[in-house]
2 protein chains.
Amino acid sequence: MTISAYDEYMPESHPAPERFPVTVDVVALTVRDGELNVLLITRLIEPFRGKLALPGGFVLAGEDLLEAAVRELAEETGVEHLPGHLEQLGSYGPKGRDPRGDVLTVAHLLLAPDFPVLSAGSDAEQAAWYPVAEVPELAFDHARILDDAVERAKSKLEYSPLGAAFCGDEFTIAQLRAVYEAVWGTRLDPRNFHRKATGTPGFLEEVGRMTAGDAGRPAALFRLAPEARPTAGHPTRAVLNPPLMRPRE
Amino acid sequence: MTISAYDEYMPESHPAPERFPVTVDVVALTVRDGELNVLLITRLIEPFRGKLALPGGFVLAGEDLLEAAVRELAEETGVEHLPGHLEQLGSYGPKGRDPRGDVLTVAHLLLAPDFPVLSAGSDAEQAAWYPVAEVPELAFDHARILDDAVERAKSKLEYSPLGAAFCGDEFTIAQLRAVYEAVWGTRLDPRNFHRKATGTPGFLEEVGRMTAGDAGRPAALFRLAPEARPTAGHPTRAVLNPPLMRPRE
DNA sequence: GGCACTTATCGTCATGTTGACAATAATGCT
DNA sequence: AGCATTATTGTCAACATGACGATAAGTGCC
């Protein structure tokens with residue numbers, strides 16, 4: 001690692017700045033069986049050995065935050081190319097959130113279709129999906145981070161086309177609606193949802209094909225409209241207008 | 001400073017984690033003369049000496065992020081108790097944003113009524129308000145952070161009662177409208193805005209008194225409704241429902 | 001005081017959006 | 001064929017929004 005060139009620049013009167021270990025944590029959310037799930041690992045080392053925690057780890061020299069988040073998630077799930085949408089959630093700390101000392105963590109949010117995680121019987125940390133509604137106590141301040149992440153996910157569905165990040169490339173309106181219902185924890189009228197989803201400009205695009213084999217009438221397949229798709233450079237900043245507001249009691 | 005107890009906990013196989021200098025930057029926004037303004041300082045030291053930059057500085061040991069942001073802002077403006085609403089914006093880096101090496105910065109957003117900054121002729125860094133529309137080149141990646149902050153402010157006005165953070169405790173509908181117009185950069189119909197602002201449940205509360213002395217008919221004074229006011233513990237998470245959407249061309 | 005000017009506030013109307021729910025369409029199952 | 005199941009289209013009333021007319025209540029000027 002570099003011993004940094006700070007002191008060459010800093011006037012004598014300025015002490016060298018404090019340095020902190022920086023971690024990235026990822027709240028990976030998906031929808032399974034109509035329920036919102038979160039990816040958690042079982043800690044194999046102290047502190048909080050045996051407790052569940054968000055996947056994550058230290059940022060390495062020369063890494064950016066998103067890079068580090070992707071790397072950690074890949075390492076701990078054994079998944080090469082992460083599906084879904086990853087964005088920064090917010091930073092926590094550094095004071096008093098780790099018994100070992102001050103650690104700053106930058107939490108991230110992944111909205112993804114259900115994907116299988118490596119269930120290696122190895123000594124690696126075991127990652128698995130857990131229904132958000134039944135998550136037991138978590139290590140560190142991860143319960144708070146999870147709360148914030150779920151709240152963010154809820155509001156993302158209102159104002160952005162990112163509900164589709166939970167689905168694959170092509171999906172039916174009913175599948176998309178199931179996402180909204182799971183994340184918001186409410187029931188939505190299929191007819192009104194259909195009207196809204198298909199009627200919002202810049203949101204969906206009909207593929208032209210239909211599903212087959214299920215019970216009931218086949219459904220038309222949709223994908224994200226081009227304007228709503230993430231581009232190579234930046235993640236999608238596309239906005240749903242008008243928004244698809246969740247019912248408030 | 002503490003030399004941290006990491007190594008006592010980490011198994012031999014794990015190297016000590018990388019440590020990074022962490023700064024907080026603050027994008028302080030206000031409305032002056034109907035224009036959105038941002039607080040900038042003129043750098044007195046390298047790198048970027050003489051350039052404008054966001055106020056900010058290193059996080060100290062034992063500090064939390066918001067604390068550090070408040071401290072830095074107070075130091076650089078000479079203002080004791082900051083008015084307005086402060087929240088975290090997001091983190092940037094650590095790679096390649098500071099010529100001295102990797103520095104992680106956690107940007108913050110302050111929405112505040114216009115307040116005077118210390119215009120000391122001292123050798124301290126000179127802080128002053130600048131219209132956002134005319135901000136010249138900024139140091140580091142601060143232009144990007146400012147962009148993100150303005151975008152965040154715009155959307156905050158849509159979905160939260162935080163437009164009022166730009167006003168004092170009591171304000172008229174016209175003053176509030178001026179905030180929306182300045183932040184969004186649009187003109188709003190006074191009659192429709194009045195209807196919307198006063199008609200949105202949980203947003204405003206009539207004080208009972210009127211303004212006097214201005215030109216034109218006196219206006220009723222309003223303040224934030226109790227549900228929309230920040231409480232001691234947490235900052236306001238209150239939401240405007242229905243939202244007050246900005247016009248999309 | 002009377003008048004012009006200014007800003008605040010209330011109303012009206014056509015249009016668009018939403019929630020509730022009826023009706024119809026297109027499958028699989030028996 | 002008839003039934004169960006899911007998808008999709010419609011209808012209708014309540015509500016929200018944009019455009020804009022009309023009125024209210026001050027200040028400043030003569």
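Values below: every heavy atom of this structure, side chains too, minus hydrogens, waters and symmetry copies. Below, chains carry the letters A, B, ... as their sequence lines are ordered, and counting in each starts from 1.
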Practice problem: Take A/Asp148 and A/Tyr92 through the test side chain to side chain donor-acceptor pair (under 3.5 Å) and record every step on the way to the result. | Solution: CA-CA 11 Å; A/Asp148 291 349; A/Tyr92 298 80; 2.6 Å; yes

Quiz item: Would B/Arg177 and B/Glu181 satisfy salt bridge (Lys or Arg N to Asp or Glu O under 4.0 Å), going step by step from the backbone distance to the final call?
Solution: CA-CA 6 Å; B/Arg177 175 166 48 86; B/Glu181 292 182 335; 3.6 Å; yes

Self-check item: d(CG, A/Leu240; P, C/dT17) in whole Å
Solution: 13 Å

Quiz item: Excluding sequence neighbours, so at least two apart, what forms salt bridge (charged side-chain N to carboxylate O under 4.0 Å, His left out) with A/Glu170?
Solution: A/Arg209, A/Arg223

Quiz item: Within the structure, does a side-chain N or O atom of A/Lys196 lie under 4.0 Å from either OP1 or OP2 of C/dT17?
Solution: no

Quiz prompt | Spacing of A/Arg191 atom CZ relative to C/dA22 atom P, expressed in whole Å | solution = 7 Å

Quiz item: Hey, which of these two, A/Ala215 or B/Arg217, hits DNA chain D nearer its 5' end, going by closest nucleotide?
Solution: A/Ala215

Quiz item: Could you state the CG-P distance from B/Leu221 to C/dA8, rounded to the nearest angstrom?
Solution: 11 Å

Quiz item: What about A/Arg195: does its side chain form a donor-acceptor pair under 3.5 Å with the base of C/dG19?
Solution: yes

Quiz item: Relative to the 5' end of DNA chain C, which residue comes earlier, B/Glu206 or B/Gly216, by the nucleotide with the nearest heavy atom?
Solution: B/Gly216

Quiz item: Would B/Tyr159 and A/Tyr159 count as a close aromatic pair, with their ring centres under 6.0 Å?
Solution: yes

Quiz item: Just how far, in rounded Å, is C1' of C/dT18 from CD of A/Glu158?
Solution: 15 Å

Quiz item: If you look at every strand shown and take non-hydrogen atoms under 4.0 Å, does B/Asp189 touch a base, only sugar-phosphate, or nothing?
Solution: base

Quiz item: Does A/Arg144 pair with A/Glu151 as a salt bridge, N-O distance under 4.0 Å?
Solution: no

Quiz item: Reading DNA chain D 5' to 3', which nucleotide is the first, and which the last, to come under 4.0 Å of any heavy atom in chain B?
Solution: D/dT17 to D/dT27

Quiz item: When the distance from CG of A/Leu188 to C1' of C/dT17 is rounded to whole Å, what number comes out?
Solution: 16 Å

Exercise. Specify the separation, in whole Å, of atom CD of B/Gln175 and atom C1' of C/dT7.
Key: 13 Å

Practice problem: Without swapping roles, check the side chain of A/Glu72 against the backbone of A/Ala69 for a donor-acceptor pair under 3.5 Å. | Solution: no

Self-check item: Presence of B/His194 side-chain N/O under 4.0 Å of C/dA8 phosphate oxygens OP1/OP2
Solution: no

Exercise. Tell me what A/Ala212 touches on the nucleic acid: a base, only sugar-phosphate, or nothing, going by heavy atoms under 4.0 Å.
Key: nothing

Quiz prompt | B/Ile173 or A/Asp214, whichever maps to the more 5' nucleotide of DNA chain C | solution = B/Ile173

Quiz item: Is the backbone N or O of A/Ala53 less than 3.5 Å from a side-chain atom of A/His142, with the two atoms forming a donor-acceptor pair by type?
Solution: no

Self-check item: Separation of C/dG16 P from A/Asn241 CG (nearest whole Å)
Solution: 15 Å

